[in-house]
Each structure stands twice: as structure tokens, then as C-alpha cells.
There are 2 protein chains.
Amino acid sequence: MEQNIILTVDVVLLTLKDNALQVVLQKRTWDPYKGFPALPGGYVHTEEDLDSLAAAKRVLKDKTALVSPYLEQLYTFASATRDPRGWSVSISYYALLDIETLMSQGSDRFLLHPVDDLPQLPFDHNRIIDSAVQRLRNKSTYSAVPCYLLPELFTLSDLQQTYEKVLGCKLDKSAFRRKIGELDFLDATSKARTGVHRPAQLYRIRPAKNLVLFDRTISKI
Amino acid sequence: MEQNIILTVDVVLLTLKDNALQVVLQKRTWDPYKGFPALPGGYVHTEEDLDSLAAAKRVLKDKTALVSPYLEQLYTFASATRDPRGWSVSISYYALLDIETLMSQGSDRFLLHPVDDLPQLPFDHNRIIDSAVQRLRNKSTYSAVPCYLLPELFTLSDLQQTYEKVLGCKLDKSAFRRKIGELDFLDATSKARTGVHRPAQLYRIRPAKNLVLFDRTISKI
DNA sequence: GTAATAGTGTCTGTGAGACACTATGGT
DNA sequence: ACCATAGTGTCTCACAGACACTATTAC
């Protein structure tokens, strides 16, 4: 019946660093492609994982020591040819994390690479990453998911820059703030970020707000 | 390594009949749930199916004798508990077909059931169908996919009614036609549908037009 | 004061919704 | 003539984009 199907989960963990979207990669510790950088991934453990989401969480935690506040199923890549070992299924997930949290956790266990300038990766990992980036870009036009690329406290300028990096286009400050205000998912804190110039109000995500669906777009791509 | 994982594909084939979205179901021929209506589905055959899309096509064809012009991966449901036999993966697809083509093909091999009034189905098939309907509704707000629910030739009123049934709300005739006109994916034919009243222009989908992505919404839900 | 960023006010063009209107067939 | 549906014209209101303006800090 079941002919030795390879069932894995792969996680595309994206972050924003040096003004670019970057993806977490790892040198593979086993064949095939041993030693080459690739997405963190691994077999589903049927005795341990209740479902594929749990498997993705576990794999990410075990391989990179990272925990992401946002983890969503992306797509399932399944074919006879994607893995040299045989018919293989990758249930792929994508995740978002701010660069500070990411670096403060086990940063010796992975490497970061800009998504716009990737070398050829093992399996169909280039395609998987492209799908994740496309999904993130698309979702950013009508949701607040880019918030997950920022630390707990951030300014509206931070948020706008995040959207701009993700979407790859400049946004109008006034229109952007109008929209964010309408959507009403931020709480102003009592703090401000001081610096060389006028201090900026610091915001955090309003607890228990669903950031995922708006009825209107924030911007075209 | 791989502990007897059950790998299946399930297909949610939707059509429009009696003014309602309906789903193709089949009485199961084997245990578990033998005799109960459920989604057409089956094991991935690794010797035969190059990838999961091919598997979905084959399963649909073999089980129902149907071929759909639109078949898209929906989501992968994978958990220890969804199938009494053990850890199970369902790579689910959804498909669209007009009712005429559907009935003219092997209609003795399946049954149709309105999606808004389903009994409890085996496995997590209710959830899978709900996901498919949600996806179709959402995609219909910014794409021409509902065209696949119509036969080759149709009037603009047919198309509008199709959108209305799928979205579950009335649309304004003038605005709808303006939008469809702008999107420019229909060809007027030389034919008209005659009836009791003024005949209506018949259209077909412009060949080689991508119906799937618009930059603007056709309507809110 | 100046420089630089934070944050706001306002105008305008576009486009969706509403709705009234005209057109054309059958009976 | 009348009815029902096909198909069009136009008004208005909301909103996104553009852009200029004010505010507040360090120096």
C-alpha cells in the first residue's frame, strides 16, 4: 500500500535584516546534500507529532532553537523527483521573526541569506522559498503580518519601513498612517524612542487582535 | 524511519446546481466508513503518479469519471487522529465543473449535496469542504474562477448569477458589467440566447487568458 | 537658529455603488 | 401595447495617492 514515502516538513523562516528579507538556512548534517545549506526540515515523527503544525514547530525548535510567533502552512510539495531518495512529500510552513529575537537565540546554529540573491539550494528549496516570499508579500497587502518582523515595541516609521521592504515599494506616510489608524490594532505605549531628532511614539500590537484579515488593502504591490 | 504513514489525496469538486453550491460525494466502497458518502479520494500511487496533482487528477478520473478544467491544491490535512487507521496525510485539492458537463459524464457514480447543508461526513471531510468553499468565495472576489462553473457559452447575466451564488450576495448589474468589461477576458460570440424576452449576447472565455489574478476586487463579500 | 525626523491637514482623481434610464425580444 | 429581461448612462460618496504643512527634538 504505502511504498516508503518520505514525509517531511520544511520551514521557511523569514526575517528582515540589512534592509532585506532574509531566510534562515542550515548546513545539512546528513546525506543527501550533506554540508550544503538548505531549509531547516525533518521527518514527521508519528509517535511524537500530533499533526503537521506540531511537527513544524518541533523541527524548527530542534534544528535552530527558534520559536516563531507566526507559523502558517504554505504548500505541499510532493513528487517522485524532488528527492533523490524517492517519492517525497514536503509539507512546508513559513514563519516570521524579528531579527533581534532571532539573533539573541542560537544564532550559531543557522545562517541568514537574502532571499533575492540565493544560490542554488538542494531539493526544490528555491521554489519553496519563492512561494513563501510571494505569500508574505501578498498577505502584507491586506493584513498586519509584517508586524511579526518587528520586536515588541516599534514606531510607525519602523512599521512603514517594514511594509516597504516586504512589498518592495515606497508608501505614502500620510496614507499609511491613516490606514493603520483605521485598522486599530496598535496600542500606543507610554514610551517614545529618543534619538537625534524628534522622539517617536512607540507602539505594540494590541493583545488578542487578529492581525490576519482586513476588508481593504493597505496598498497595491 | 517512515512508520506506515497513510498518504492520500482528496478532491472537493464543486458545482452550481439548483441555485446552490454542491459538492460531489461518493459512497465509500471500503472500510473505514464503508457505505458512507465522502469525498472522492485515494492513496497516492508512487509507481504511477509523478506528483500530487497527477494523483488528484487520476483519483478524480478513476473514481468519478470526471475531468475538471480547474484543479488547485487546497491544503494538507495531516494528523495522528484524522484517520482511525493511523497517522494520515490528505493532500486536498479543489476543482470546479459546470453542472451540464458534470451530469453528462458518469453521473451514476457520485451524488451531489449542497455545501450549506451537509451531514456529518467521515474523517475531517466537513472541514476540507468548508476550506474549499471559503477559498472559492475568497478567490471569486478578485478573479474569474467562477467561469469554470459555467458551460462554454454563457451570458453576462449567467455570469453575474454565478458570482452571486458563490459570494452569497447580490451584485449591481451596471458595476458588475463595467468590471468584467475592464478585465477583458471574455469574447462575444456571434450567438445570442433567445427566450421569452430580449435575447442575450453569448460569451466565451478568451482563449489563453489567465483568469486567476486581478489587481482589483470584483466585489466585497 | 538649523537639520532631520515625527506627525497632520487637505486637495483631487478614480472608481464602486446606487439607480434610473433605454433597448429589444415574445406574446 | 405590455412585460420581462438585456444592456447603458450618470451621479455621488468614499477613499487612496500626492503633497504640503506643522511639531519637536538635538545640536
Side-chain angles (χ1 to χ4, degrees), chain A residues 19 138 140-144 146 150 153-204 213-221, chain B residues 19 138 140-144 146 150 153-204 213-221:
Chain A
N19 277 339
N138 190 40
S140 299
T141 62
Y142 63 87
S143 87
L150 287 168
L153 299 181
F154 51 85
T155 69
L156 292 180
S157 295
D158 291 341
L159 187 59
Q160 183 175 343
Q161 280 171 43
T162 300
Y163 271 90
E164 288 174 347
K165 295 309 164 198
V166 169
L167 295 172
C169 62
K170 287 283 170 194
L171 302 177
D172 179 78
K173 184 167 52 162
S174 177
F176 181 77
R177 284 163 186 245
R178 205 191 296 148
K179 199 75 206 167
I180 297 296
E182 281 168 23
L183 297 173
D184 195 37
F185 63 92
L186 293 182
D187 279 334
T189 65
S190 56
K191 296 174 197 161
R193 174 181 302 162
T194 57
V196 184
H197 302 296
R198 172 174 174 176
Q201 177 69 246
L202 283 166
Y203 293 84
R204 68 157 55 83
L213 281 177
F214 303 154
D215 54 343
R216 282 305 196 194
T217 59
I218 290 183
S219 123
K220 293 186 235 185
I221 288 193
Chain B
N19 277 338
N138 190 40
S140 298
T141 62
Y142 62 86
S143 87
L150 288 167
L153 298 181
F154 52 86
T155 68
L156 292 181
S157 295
D158 292 341
L159 187 59
Q160 184 175 342
Q161 281 170 42
T162 301
Y163 271 89
E164 288 174 346
K165 296 309 164 197
V166 169
L167 295 173
C169 61
K170 286 283 168 193
L171 302 176
D172 179 77
K173 183 166 56 163
S174 179
F176 181 77
R177 284 162 187 246
R178 205 193 296 147
K179 199 76 206 168
I180 297 297
E182 280 168 22
L183 296 173
D184 196 37
F185 64 91
L186 293 182
D187 278 333
T189 65
S190 56
K191 295 173 197 160
R193 174 180 304 162
T194 58
V196 184
H197 303 294
R198 174 173 172 178
Q201 178 68 245
L202 282 166
Y203 293 84
R204 68 157 53 84
L213 282 179
F214 303 156
D215 55 343
R216 282 307 195 192
T217 60
I218 290 183
S219 124
K220 293 185 234 184
I221 287 193

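A, B, ... follow the sequence lines: proteins, then strands. Residue 1 opens every chain. Since this is a predicted model, take the numbers as computed values, not measurements.
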Legend entry - B:R204 side, atom CZ; B:D187 side, atom CG - distance, nearest 0.5 Å: 7.5 Å
Contact list (N/O, under 3.5 angstrom) for nucleotides 24-27 of chain D vs protein:
unit_1: D:dT24; atom_1: O4'; unit_2: A:R198; atom_2: NE; d: 3.4
unit_1: D:dA26; atom_1: O4'; unit_2: A:V196; atom_2: O; d: 2.5

Inset, instruction - Test B:F176 against B:Y163 for ring pair (Phe, Tyr, Trp, His ring centres under 6.0 Å), laying out the working first. - result: CA-CA 10 Å; B:F176 181 77; B:Y163 271 89; 5.4 Å; yes
Inset, instruction - Check whether any side-chain heavy atom of A:S157 sits under 4.5 Å from a side-chain heavy atom of A:L159, and report yes or no. - result: no
Inset, instruction - To the nearest 0.5 angstrom, please state how far the OG1 atom of B:T155 sits from the CD atom of B:Q160. - result: 9.5 Å
Legend entry - Gap between atom CG of A:N19 and atom OG1 of A:T162 - 0.5 Å precision: 9.5 Å
Inset, instruction - May I ask you to evaluate whether B:K173 reaches the phosphate of D:dT8, defined as a side-chain N or O under 4.0 Å from OP1 or OP2? - result: no
Could you pull out every donor-acceptor pair under 3.5 Å between side chains of residues 188-196 of chain A and any protein atom, sequence neighbours left out?
unit_1: A:T189; atom_1: OG1; unit_2: A:K191; atom_2: N; d: 3.2
unit_1: A:T189; atom_1: OG1; unit_2: A:L202; atom_2: O; d: 2.7
unit_1: A:R193; atom_1: NH1; unit_2: A:D158; atom_2: OD1; d: 3.2
unit_1: A:R193; atom_1: NH1; unit_2: A:D158; atom_2: OD2; d: 3.1
unit_1: A:R193; atom_1: NH2; unit_2: A:D158; atom_2: OD2; d: 2.9

Legend entry - Atom-to-atom span, OH of B:Y142 to P of C:dA16 - whole angstrom: 17 Å
Inset, instruction - Measure from CZ on B:R177 to C1' on C:dA18 and round the result to the nearest Å. - result: 16 Å
Inset, instruction - Provide, to the nearest angstrom, the distance between the CG atom belonging to A:L171 and the P atom belonging to D:dC15. - result: 19 Å
Legend entry - Whole-Å distance separating the CZ atom of A:F176 from the P atom of C:dT8: 14 Å
Inset, instruction - Please evaluate the base of C:dG7 for a donor-acceptor partner in the side chain of A:S174 within a cut-off of under 3.5 Å? - result: no
Legend entry - Base C:dG9 to side chain A:R178, donor-acceptor N/O within 3.5 Å cut-off: no
Legend entry - Reported OH-to-OH distance for the pair A:Y142 and B:Y142, which is rounded to 0.5 angstrom: 7.0 Å
Inset, instruction - Nearest whole angstrom, please: distance from the P of D:dA6 to the CG of B:L159. - result: 13 Å
Inset, instruction - Round to a whole Å and report the spacing from NZ of B:K170 to P of C:dA18. - result: 13 Å
Inset, instruction - In whole angstrom, give the distance that lies between atom CG of B:L186 and atom P of D:dG7. - result: 12 Å
Inset, instruction - Looking at every strand, decide which applies to A:S157 at a 4.0 Å heavy-atom threshold: base, sugar-phosphate, or nothing. - result: sugar-phosphate
Inset, instruction - Could you say whether B:D158 or B:A175 is positioned toward the 5' end of DNA chain D, judged by the nucleotide with the nearest heavy atom to each? - result: B:D158
Legend entry - Rounded distance in Å - CG (B:D172) to C1' (D:dC11): 13 Å
